[in-house]
Protein chains: 2
Amino acid sequence: MNSSKESSQNPMSIEHHPADSDVNVSADGFQIAEDLGPGMEQGQPPTGSLARILPEATLARLTQYLRALNAMQARGAERTSSGVLAAEAGVNPAILRKDLSLLGSYGTRGVGYVVTELTEHISKAMGLMQHWRVAIIGAGNLGRALSGYGGFRSRGFEIVALLDSAPEVIGTAVGDLEVQDIADLDQILEATDANIAVLSVPGAAAQDLCDKLVGRGVRSILSFAPVVLQVPSGVNLRKVDLATELQILAYHAQNLGS
Amino acid sequence: MNSSKESSQNPMSIEHHPADSDVNVSADGFQIAEDLGPGMEQGQPPTGSLARILPEATLARLTQYLRALNAMQARGAERTSSGVLAAEAGVNPAILRKDLSLLGSYGTRGVGYVVTELTEHISKAMGLMQHWRVAIIGAGNLGRALSGYGGFRSRGFEIVALLDSAPEVIGTAVGDLEVQDIADLDQILEATDANIAVLSVPGAAAQDLCDKLVGRGVRSILSFAPVVLQVPSGVNLRKVDLATELQILAYHAQNLGS
DNA sequence: GTTTGTGAAACAGTTCACAGCC
DNA sequence: GGCTGTGAACTGTTTCACAAAC
């Protein structure tokens, strides 16, 4: 049991890539450009700075813990335990403790965790204490929806620009942003100092724009384009593909559901 | 590599209430309702029917292979090899061969794979040869965008209904669909015989709607609501949460990027 | 008594490397 | 010679179970 109460966020929508040609298949999956570089050794010296390397699986769960903690805070809970938090996040208590122990020892044996403290430690570990400036490339349905997505703003992610190449879209207002010309990418990135880019453009245009972004110094990109993008070492790329999700669901439906 | 993930809310912000904007929220990450049920044994008898159990990670990659194969077919390639296909899909050739070998032996040593054949085998294994009827619950920005997403239609997924509860939205046209009243869920599900539901509603309404859907026999649900949903055994649930993706990106940006 | 933090065990997924076949 | 299919090694992840701390 548990409930979920939580606040809601804003709407957003998905876009559709007219794409050029294809039929499209899609896929998703996710992947981090894990290239530390061809020649770099991958063992991180223990000395690192403060940043500890967190397993990918742990990162995904940490975001869930944050959400659950938020819900708890919203309903006034001050403390929680691995059992309660795990149930709310839908995971096993042991893995939750192991995940948290990777961040440090912030719990009290026999008692549990203080909600606010834990929230802060996780946020800090995940880099959410800083302000991220996001540029959305592509003002199609998805781009527009994302730009109005409250969940981003309320979380340290500020949408600083919304770009497109279509003349009929440039200059139009979307929420409190005005769609700007992608031809001015350079100046816009410089003026806004965006450090994350969201690519919501047709697959055919994605690689080219991705290259431009990387060339302008953007090192973190979240792509919705249904294509595999090549990025050089040191650039973080994540992909989200809706069609993939439906396909995987179809597989399970075929096998276990009916 | 996946388990479940999902997103959280903002660490530092307090929550506000859902405004009126209807539907949706988002976030991504994904998860399979791995609940085979508290009391069910999870080991699938090897006898299964035709369906072989494919690892979750393999499923995610298969969708990528399908996409790459599609692109190849579009440009006229008749044959391919694990090396080429893997490069195009962005994976290691060995894992690609291992993935494909789980479906059967459809390649020819010294030669490679026939594009059309491989496409068909993968599609069949993933359940994409049948026609899926999808009902979208929540006609907010996300719901509307999804209903127009060409990638679904072109792949065996037909959107058969778009529902909402807001009076001002019911009856309006979205593409070639008309938004219907969620109060008529029963009749609509029966009339359309939808076998997959997409939940693009606010988090607060998600669990309730999810229960209703399950009660009406829907066994496969793709949720965009930023909450952990509880579903009974035998129901497939996948979650997509955008905020999660940005948060994970922020972590990597903080550590390796800049 | 309760709950954390964590080694050790179990499990899962990926890469290597090569035998077998074309 | 080239490429698939796959056992074996490896790497990563989850679960178990319990000692330490309150």
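In what follows, chains carry the letters A, B, and so on, assigned in the order in which the sequence lines appear, proteins first and then strands, with residues in each chain numbered from 1.
- Paired with B/Ser220 under the rule side-chain contact (heavy atoms from CB on, under 4.5 Å), one option of B/Val235, B/Ile196, B/Val134 passes, and it is B/Ile196.
- Atom CG in A/Leu102 sits roughly 14 Å away from atom C1' in C/dT4 (whole-Å rounding).
- With B/Val214 as the fixed residue, the side-chain contact (heavy atoms from CB on, under 4.5 Å) test singles out one of B/Ile221, B/Leu209, B/Leu237: B/Ile221.
- Note on A/Pro93: nothing from the nucleic acid sits closer than 4.0 angstrom, heavy atoms only.
- For the pair A/Ser105 and C/dG5, the criterion of a side-chain N or O lying under 4.0 Å from OP1 or OP2 is met.
- Annotation for B/Glu120: atom CD does not count as buried by contact number, only 12 or fewer foreign heavy atoms lying within 6.0 Å.
- Residues A/Gly83 and B/Thr58 both approach DNA chain C. Their nearest nucleotides, taken by heavy-atom distance, put A/Gly83 toward the 5′ side.
- Distance B/Tyr106 OH to D/dT6 C1': 17 Å, rounded to the nearest Å.
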Under a 4.0 Å heavy-atom criterion, the protein footprint on nucleotides 15-22 of chain D, written with B, S and -, is BBB-BBBB
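- Atom CG of A/Leu54 is separated from atom C1' of D/dT14 by 16 Å (rounded to the nearest Å).
- We find that CG of A/Asp99 is positioned 7 Å from P of D/dT14, with the value rounded to whole Å.
- Within the structure, every side-chain polar atom (N or O) of B/Arg79 is placed at least 4.0 Å from both OP1 and OP2 of D/dC3.
- For D/dT13, neither phosphate oxygen OP1 nor OP2 lies less than 4.0 angstrom from any side-chain nitrogen or oxygen of A/Arg61.
- Environment of CD in B/Gln73: crowded, with over 12 heavy atoms of neighbouring residues, nucleotides or ligands closer than 6.0 Å.
- OP1 or OP2 of D/dG5 sits under 4.0 Å from a side-chain N or O of B/Tyr113.
- For the pair A/Leu118 CG and C/dT3 C1', the computed distance is 14 Å after rounding to whole Å.
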